[in-house]
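Please read the structure below before turning to the comments.
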Amino acid sequence: MARAYEVVEVEKKWQRRWADEGTYEVDADDPRPPWYVLTMYPYPSGPAHMGHVRNYTFGDLLVRHRTMLGHAVLSPFGFDSFGLPAENAAIKTGTHPRIFTDARILELKESITSLGAVYDWRREIRSHDPEYIKWNQVIFQKLLAAGLAYRANAPVNWCPGCQTVLANEQVLADGTCERSGDLVVKRDLEQWFFGITRYADELLSGLDDLEWPERVKTMQRNWIGRSEGAEYDLVVEGRDGSDAGERLSLRVFTTRPDTSFGMTYAVVAPEHPLVDALTTADHLDDVADLRLRAAASTEVERMSESGAASLAKRGAFTGSSVINPFTGLPVPVYVADYVLMGYGTGAIMAVPAEDNRDWDFAQAYGLPVVRTVQPPVGWDEHGGPDGGPGGAYTGAGEKINSEWLNGLDITTAKARAIEWLEAEGIGERTVNYRLRDWLVSRQRFWGCPIPVVYCPEHGIVPVPTEELPVLAPDDVEFQPTGESPLSTNLEFLNTTCPLCGGPATRETDTMDTFVDSSWYFLRFTDPWTPDLPFDPEIARHWMPVDQYIGGIEHAILHLLYARFFTKALVDVGLAPEGMREPFARLFTQGMIRMDGKKMSKSKGNLVAPSSYLTTVGADALRLFHLFVGPPADDVDWTDQTDSVIDGCGRFLDRVWRLATSPDGERPQGRTGPAMPEDLDIRRATHRLIDRVSRDYERWSYNTAVAACMEFVNLLHPYVRGGGRREVVDEAVDTLLLLLAPMTPHLAAEAWERRHGDHIHLRGWPVADPELAAEATVTMVVQVNGKVRDRIEVAPDVSEEEARHLALASPQIIEALAGAEPRRVIVRPPKLVNIVL
RNA sequence: GCCCGGGUGGCGGAAUGGCAGACGCGGUGGACUCAAAAUCCAUUGUCCGAAAGGGCGUGCGGGUUCGAAUCCCGCCCCGGGCACCA
């Protein structure tokens with residue numbers, strides 16, 4: 001599509017101007033009130049794709065708008081430049097990941113700039129920069145010293161495709177890797193962890209005050225998974241310590257201590273340490289068999305089977321019994337894989353009457369059911385699966401079959417049961433979390449090395465701060481073997497112990513790249529301080545991020561880790577006291593879809609933004625993304641999309657023609673006496689300011705654009721009919737100011753031609769309330785709810801006057817046909833409804 | 001199964017108790033032009049009607065209200081998240 005002005009030339013000119021003049025560079029001593037806008041820093045995968053365009057359009061609009069509103073806006077940019085794609089490319093082509101990554105960064109930076117997005121590039125961060133690696137490692141050492149980083153042996157997630165371990169957060173619900181899609185397997189390995197669970201409660205409660213999408217907060221709450229209940233001991237029958245044998249007991253966790261009287265058996269996880277002690281000679285084979293099967297089965301296999309039938313294959317009797325402390329009666333102990341070692345105590349008291357899984361298991365093994373909550377009438381006939389008989393009842397009701405709990409409601413009974421357990425010294429109230437500590441070791445090359453050495457004498461020894469950063473040598477074998485590539489370089493591997501000088505080996509794993517992104521927003525506030533990751537006082541000035549923008553895919557991973565890091569960095573003294581949350585407001589934009597799928601490189605359905613930049617230009621493409629629909633909604637890229645983008649270009653051409661004349665001068669207008677339509681245009685101008693300003697505040701850019709289009713449609717005939725000069729000037733200048741954050745190049749160029757100065761340094765327009773007030777309002781007159789007339793009235797028309805005007809209208813008199821109104825509802829100045 | 005969103009013209013969407021379909025795309029007709037492009041003007045939910053005008057219409061069924069796309073109850077469909085977490 002041919003445009004009305006030299007789009008490419010104009011856009012390049014202003015991109016250069018903003019960079020050369022440092023228009024959007026700010027410092028902490030700026031007297032204007034601070035405002036921090038941040039779009040999640042990207043993994044550099046080459047030129048920007050449409051998703052980036054959408055993302056950075058919103059961010060850039062906010063930066064420019066806030067600046068015009070008088071803030072000192074911090075708008076940094078960086079690259080999340082460690083990660084697997086570069087390493088995989090290295091494996092394939094032999095090019096070093098650094099060379100590969102730096103080239104991708106150049107491409108991305110160039111294409112982001114060509115969108116007209118402006119940043120304070122002095123603050124640029126690259127995760128793979130030795131300076132950034134150093135501070136990453138310093139933070140690791142601080143966490144290590146505080147006990148927040150630790151090494152432990154645990155069953156961990158291993159992705160065969162990525163040849164590395166993964167955090168729980170990186171394993172999808174179906175047990176596959178979020179990156180490669182491979183089935184993740186469990187391995188027992190000694191690995192590095194960060195103690196995120198220590199902050200579980202704070203991570204949960206802190207969500208309440210954040211202006212985040214409710215959806216994201218819910219996802220985090222579910223992930224943290226706090227549940228309150230009780231732990232207590234079940235003494236193994238015949239092992240109470242009264243005779244020769246040692247006392248042996250099994251600790252269980254339950255959220256329903258009130259149902260304890262209904263416990264008819266107990267279950268331990270296959271990996272539970274007491275399995276051997278509990279298993280009697282005649283059940284050794286069954287139990288061993290079950291444990292083998294459980295170890296061999298994947299999560300997916302376990303979860304794909306449910307219901308009584310499959311549960312029958314998934315348990316084994318140990319031969320032992322434990323005493324239910326509430327009834328004093330023995331119940332059998334089973335091993336079953338539906339109980340997970342990783343949650344609670346790895347053992348449960350089973351109450352089939354009030355738990356669905358226990359019910360299914362009890363059905364399969366013929367175990368008794370004792371109800372402790374009175375189910376609704378008819379439950380035992382049709383409360384079960386598919387309306388069949390029985391089933392567990394988990395709802396509210398009166399306690400039964402529970403001696404001293406009988407007659408109570410569940411909440412009270414829970415509290416009583418816990419009081420009793422604590423008084424008897426059998427157990428206590430506990431809180432359990434689904435959240436696990438964050439596994440940060442990765443057996444990969446292209447990441448931040450973990451800065452410790454292993455000394456046969458002194459064990460784990462942190463590399464001294466003055467020796468940081470520990471940098472990966474270039475000379476390593478990339479081929480994935482499941483061993484860390486760094487271990488193939490013996491010069492790197494073999495070192496000396498910082499404490500004793502004796503021979504030692506280096507840690508060869510690298511950190512999860514989510515570590516890099518967990519504090520980059522803090523580094524952005526001050527990437528210059530020589531002896532700290534950032535100056536806490538400067539961080540305090542800018543933080544928290546006032547508006548964070550990114551994809552919903554980070555709802556748990558990045559956003560939870562970053563919240564944890566912020567709290568942990570305060571606690572180890574690197575971040576300022578009192579700063580607890582990194583992102584005050586979060587916006588998650590919709591994704592671009594094509595043929596029903598997310599538009600992405602891996603799906604092979606990319607539409608390159610670059611082709612639009614050289615034809616319709618960046619402004620038209622930006623305007624399209626703003627206009628196409630609500631920012632939070634997904635965008636479907638279809639056959640018609642190009643036409644819509646052209647339409648955006650057409651609108652900008654109309655604006656251009658209104659603002660400039662062919663010889664570069666401002667269009668001349670009429671002088672002389674004022675006409676009534678002059679005032680109409682002035683009113684429309686000031687109403688537009690109100691409307692667009694409100695829409696900006698509520699992220700309703702599509703309606704803001706629509707309002708501007710409507711205004712141009714109104715202005716156009718006025719100008720053609722010889723509009724009054726100063727009225728047209730006011731209208732066009734206002735329009736350009738309102739468009740300046742959305743289509744910055746066009747606004748800047750047209751403004752410069754009209755006024756000679758820089759529009760983006762101007763203040764945001766303010767409406768004159770008198771002019772913005774409507775002169776007349778269209779009052780709708782209905783008869784029985786159907787519109788029969790419209791009357792122009794003053795905005796402050798009185799109720800009586802409105803009623804009188806409505807009843808006096810010829811159309812209404814005709815519509816009434818002499819009938820006597822039963823009731824007249826008057827809502828001045830908008831509506832009168834006459835009910836017959 | 002549970003928890004969130006969402007369902008409005010041919011299409012993207014607007015309207016959060018008061019004129020349904022703003023704005024744009026697409027379509028149709030016209031002006032300008034030798035012609036085309038560009039630009040401009042008009043028109044465009046649907047049905048009845050020559051017209052004036054009127055009926056119907058926001059996934060389906062009920063309800064509240066003078067008045068419901070909007071609030072309530074019950075369904076259907078689409079999208080997303082969670083799902084052996086005791």
Side-chain angles (χ1 to χ4, degrees), chain A residues 1-4 173-174 213-219 221-223 225-227 229 252-256 259 267 269 299 302-303 305-307 310-311 314 336-340 342-351 354-358 360-361 385 432-436 552 555-556 593 596 623-624 627-630 632-636 638-648 650-651 653-654 657 700 702-713 716-717 720 778-790 821-827 830-836:
Chain A
M1 175 193 173
R3 294 289 310 277
D174 64 358
E214 212 45 53
R215 185 160 71 116
V216 175
K217 293 208 258 185
T218 305
M219 282 165 77
R221 286 191 188 105
N222 289 342
W223 186 261
R226 182 193 153 97
S227 51
V252 294
F253 171 73
T254 179
T255 55
R256 292 291 303 275
T259 63
V267 186
E299 300 248 339
R302 282 203 208 177
M303 293 195 310
E305 301 175 16
S306 59
S310 82
L311 278 165
R314 295 172 42 193
D337 70 2
Y338 82 94
V339 172
L340 310 174
Y343 187 79
T345 60
I348 61 158
M349 59 114 175
V351 184
E354 277 103 26
D355 182 283
N356 289 309
R357 293 151 301 172
D358 295 347
D360 289 343
F361 192 83
N432 243 297
Y433 297 92
R434 203 184 98 104
L435 182 70
R436 301 269 75 99
I552 186 77
I556 293 171
R593 284 187 315 204
L623 194 68
F624 162 76
F627 182 60
V628 70
D633 288 7
D634 289 347
V635 177
D636 276 310
T638 68
D639 297 350
Q640 291 153 47
T641 301
D642 279 356
S643 305
V644 181
I645 296 171
D646 284 348
C648 291
R650 254 195 306 275
F651 165 71
D653 284 344
R654 277 160 74 93
R657 283 191 293 264
S700 184
N702 53 332
T703 53
V705 175
C708 291
M709 289 175 167
E710 233 176 296
F711 184 67
V712 167
N713 291 344
H716 213 260
R720 282 161 60 91
T778 306
M779 183 175 76
V780 171
V781 186
Q782 299 177 329
V783 175
N784 281 341
K786 293 202 195 301
V787 180
R788 290 294 180 246
D789 195 16
R790 299 181 177 89
R822 207 153 52 84
R823 203 176 150 188
V824 181
I825 286 115
V826 188
R827 293 280 178 276
K830 305 259 312 188
L831 174 126
V832 173
N833 186 11
I834 298 159
V835 185
L836 297 181

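Computed from a predicted model, the values in this text were never measured in an experiment. Residue numbers begin at 1 in each chain, while the letters A, B, ... track the order of the sequences.
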Contact check, side chains of Asp337(A) and Val339(A), non-hydrogen atoms, under 4.5 Å: no
Whole-Å P distance, C82(B) and G10(B): 37 Å
Rounded C1' spacing from C77(B) to C41(B) in Å: 43 Å
Spacing of the P atoms in C73(B) and C78(B) (rounded, Å): 23 Å
Distance, C1' atom - from G6(B) to U70(B), rounded to whole angstrom: 15 Å
G45(B) to G24(B) separation - P atoms, rounded to the nearest Å: 15 Å
Asp636(A) CG to G79(B) P, straight-line distance once rounded to whole Å: 12 Å
Whole angstrom value for the distance that separates C1' of C11(B) from CG of Asp639(A): 11 Å
5' priority, RNA chain B, between Val835(A) and Arg436(A) [closest heavy atom]: Val835(A)
B/S/- contact track for nucleotides 3-8 of chain B, protein heavy atom under 4.0 Å: ------
Per-nucleotide protein contact string for nucleotides 23-33 of chain B, where B marks a base within reach and S marks sugar-phosphate only (heavy atoms under 4.0 Å, - for neither): BSSS-------
Contacts of type ring pair (Phe, Tyr, Trp, His ring centres under 6.0 Å), residue Phe624(A), not counting sequence neighbours: Trp637(A)
Atom C1', compared across A69(B) and U8(B): separation rounded to whole Å: 7 Å
Sugar-phosphate only, base, or nothing, as touched by Arg654(A) at under 4.0 Å among non-hydrogen atoms: sugar-phosphate
Where the chi angle of G9(B) falls, syn if within 90° of 0 and anti if not: syn
Gap in Å between the two C1' atoms, one belonging to C71(B) and one to U16(B), rounded: 10 Å
Under the side chain to side chain donor-acceptor pair (under 3.5 Å) test, residues paired with Thr345(A) that sit two or more places apart: none
Sugar-phosphate, base or nothing in reach of Arg221(A), heavy atoms under 4.0 Å: nothing
Find every protein N or O atom lying less than 3.5 Å from an N or O atom of nucleotides 14-18 of chain B, and list the pairs.
unit_1	atom_1	unit_2	atom_2	d
A14(B)	OP1	Asn702(A)	ND2	3.0
G18(B)	O6	Arg827(A)	NE	3.1
G18(B)	N2	Asn833(A)	ND2	3.4

Value in whole Å for how far the P atom of C82(B) lies from CH2 of Trp223(A): 8 Å
Length of the CG-C1' vector between Asp789(A) and C19(B), whole Å: 12 Å
His716(A) NE2 to A42(B) P, straight-line distance once rounded to whole Å: 12 Å
Counterpart residues, side chain to side chain donor-acceptor pair (under 3.5 Å), relative to Arg436(A) (two or more places apart): none
Aromatic ring pairing Phe253(A)/Tyr343(A), orientation class (parallel under 30°, perpendicular over 60°, tilted between): perpendicular
By side chain to side chain donor-acceptor pair (under 3.5 Å) - contacts of Glu710(A) (at least two apart): Arg691(A)
All side chain to side chain contact (heavy atoms under 4.5 Å, CB included) counterparts of Arg823(A), not counting sequence neighbours: Ile825(A), Val835(A)
Partners meeting salt bridge (charged side-chain N to carboxylate O under 4.0 Å, His left out) with Arg434(A) (sequence neighbours left out): none
Residues that Arg650(A) engages under salt bridge (charged side-chain N to carboxylate O under 4.0 Å, His left out), provided they are two or more places apart: none
Residues that Arg788(A) engages under salt bridge (charged side-chain N to carboxylate O under 4.0 Å, His left out), provided they are two or more places apart: none
Of Phe253(A) and Thr778(A), the one whose closest RNA chain B nucleotide lies more 5': Thr778(A)
Protein-nucleotide distance (Ile556(A), atom CD1; C82(B), atom C1'), rounded to Å: 9 Å
Residues Val216(A), Ile552(A); criterion side chain to side chain contact (heavy atoms under 4.5 Å, CB included); working and verdict: CA-CA 8 Å; Val216(A) 175; Ile552(A) 186 77; 3.6 Å; yes
All side chain to side chain donor-acceptor pair (under 3.5 Å) counterparts of Asp642(A), not counting sequence neighbours: Tyr612(A)
Residue pair Gln782(A), Leu831(A): steps toward the side chain to side chain contact (heavy atoms under 4.5 Å, CB included) verdict: CA-CA 8 Å; Gln782(A) 299 177 329; Leu831(A) 174 126; 3.7 Å; yes
